[in-house]
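Below is one structure, written out as structure tokens; the observations come after it.
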Number of protein chains: 2
Amino acid sequence: MAPSPAFSPLYRQIKALLLKSLEAREWRPGEAIPSEQELAARFGVSQGTVRKAIDELVAENLLVRKQGKGTFVVSHSDPRQFYRFLRLRRDDGEWVQATSVPIDCWRAKAGQEASRILQIPLGSPIVIFRRVLRFAQKPLVLDEIYLPGDLFAAFSLDALKEWRGSLYSFFENRFGVRMVRAEERLKAVAADRVTAEMLGVAERSPLLFVERVTYTYNDRPVEWRKGFYATESYHYYNELT
Amino acid sequence: MAPSPAFSPLYRQIKALLLKSLEAREWRPGEAIPSEQELAARFGVSQGTVRKAIDELVAENLLVRKQGKGTFVVSHSDPRQFYRFLRLRRDDGEWVQATSVPIDCWRAKAGQEASRILQIPLGSPIVIFRRVLRFAQKPLVLDEIYLPGDLFAAFSLDALKEWRGSLYSFFENRFGVRMVRAEERLKAVAADRVTAEMLGVAERSPLLFVERVTYTYNDRPVEWRKGFYATESYHYYNELT
DNA sequence: CAGTGGTCTAGACCACCTC
DNA sequence: AGGTGGTCTAGACCACTGG
């Protein structure tokens, strides 16, 4: 009869509290959160319950445990996180270091599509920029990246050019925006003239088109990008479980 | 000095025992395994330890828990598992029912590549067959599938044609081979004449090329396939975490 | 050495399913 | 009512880190 009472176990409530603290930037990326004992005392539950809450946050890549040291907020500045979202590998299976080359940048107002995808009002400001990813000197990826203007108001290509590190570590450090998960949609398309030129391939040659929406905490979309990948001797690697 | 003693916690040893039982087909797909209490008694450990072992097997998609009922061996016959490995969706985001149409089948001896990928001796028998996947009547995927001959000796296209259900549920039921995880490598390629014809697209038009290696327990490769996906109004969907 | 996460136990109780 | 998995606790001990 009555609707289900939406029972929520204690450890999920603790998890929600931790998530709120993460969102409020109580602890910065790369820093340790309080010990399990401390958190247990703070929330008035047993260590095991805190532990289970943390377990889930670790499974979602928001936290990492380091035995003997503590539990830390995941940071894109961590070298192990650099290529978490970049699935392009050489055909022999080797991961190759990529370097980002910013191209251009401009501001605009969100149209229908950007407004829907980024969940911002129609006409609100957005920042758009393009960059090329080079693998072993070769330009293999051309990305066009759309950001909500309110979160990235101070964005400038010059600051990005000086940045040593991944794009997401730049976002994390300069704008406090932490990328947590992403969805990608892949298609095969024919290269148009401009894209072909920038990637050094023939016009009409097949490219992998990758559209990505990236989310921060609580499934809030904060980045939309469209990329063209030249996959002649590289491929997009994926694991299915 | 001495090499690390390779400490393995109790629950991992229990996990290994459960894995062995799964591999030995002590419990069939879709069936319940013994209760946590029973397993704890059998192995002489506490319920919590068995629980943690099962936790990991659940995380790896080998088992599923059903509260109040028991813990079950995952089966590809389960409707929720049907499309676990098929990432093609319509551009509006809807999942579309696919129907498999077998084309042809032949036997061969493993060459260099098949031998390496399937980890079988050079020259050992393999079974090869092709099939088309239709979405809303339209042929969108052409797969060429390579199987080790010893595991799939009795494979026949006629049996497959009569099968109602997914290919992997067919493999599971007829050959006792359970697909557990897969790796895919994606590229954009131009359609050759034959493929273009079968998918009803223009020659040289861009196709998504998907190479998959599928594994059963203990990372044993048991399937290799090469597929061409027509992605004009469909896309390959992927989540990055 | 003290402090952290990691393992293991035993027991109590809750939520869900089936009969 | 009796079984299953799911939660929560308290306490003991182990493995790893760093001063």
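Naming: A, B, ... by sequence-line order, numbering from 1 per chain. Keep in mind it's a predicted model, so treat the numbers as computed, not measured.
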* Is the NZ or CZ atom of A/Arg185 both under 6.0 Å from the centre of the six-membered ring of B/Tyr237 and within 45° of that ring's axis? -> no

* Any side-chain N or O of A/Thr49 less than 4.0 Å from the OP1 or OP2 oxygen of D/dC8? -> no

* What's the CG-P distance between B/Leu57 and D/dG5, to the nearest Å? -> 14 Å

* Structure fact -> Taken to the nearest whole Å, NZ/B/Lys15 to C1'/C/dC8 is 18 Å

* Structure fact -> For B/Phe85 and B/Glu184, the nearest pair of non-hydrogen atoms, with its separation, is O-OE2, 4.3 Å

* Cation over ring face, A/Lys187 and A/Phe209, 6.0 Å, 45° -> no

* **Residues within residues 29-38 of chain A bordering DNA chain C, heavy-atom distance below 4.0 Å** => A/Ser35, A/Glu36

* Centroid separation B/Tyr229 to B/Tyr234 less than 6.0 Å -> no

* To do: Going 5' to 3' through nucleotides 10-19 of chain D, assign each nucleotide B (protein heavy atom under 4.0 Å from a base atom), S (under 4.0 Å only from sugar-phosphate atoms) or - (no protein heavy atom that close).
  => -----BBSS-

* To do: Would you indicate which nucleotide in D/dG5, D/dT7, C/dT9 comes nearest to any side-chain atom of A/Lys52?
  => D/dT7

* Within this structure, what is the CZ-to-C1' distance between A/Arg51 and D/dT7, rounded to whole angstrom? -> 16 Å

* Asked: Taking only residues two or more places apart in sequence, or in another chain, which ones meet A/Asp78 in a salt bridge (Lys or Arg N to Asp or Glu O under 4.0 Å)?
  -> A/Arg80

* For the pair made of CD in B/Gln13 and C1' in C/dG6, what is the distance, rounded to whole Å? -> 15 Å

* Asked: What pairs with A/Asp219 under side-chain hydrogen bond (donor to acceptor under 3.5 Å, both in side chains), at least two apart in sequence or on another chain?
  -> A/Arg181

* For A/Phe72, all residues meeting ring pair (Phe, Tyr, Trp, His ring centres under 6.0 Å), sequence neighbours excluded -> none

* **Length of the CZ-C1' vector between A/Arg12 and C/dA15, whole Å** => 14 Å

* Please state how far atom OH in A/Tyr11 lies from atom C1' in D/dT9, giving the value in whole angstrom units. => 16 Å

* **Contacts of type salt bridge (Lys or Arg N to Asp or Glu O under 4.0 Å), residue A/Glu172, not counting sequence neighbours** => none

* Taking the six-membered ring for Trp, are B/Phe152 and B/Phe171 ring centroids under 6.0 Å apart? -> yes

* Asked: What nucleotide among C/dG5, D/dG6, C/dC8 has an atom nearest to a side-chain atom of B/Arg65?
  -> D/dG6

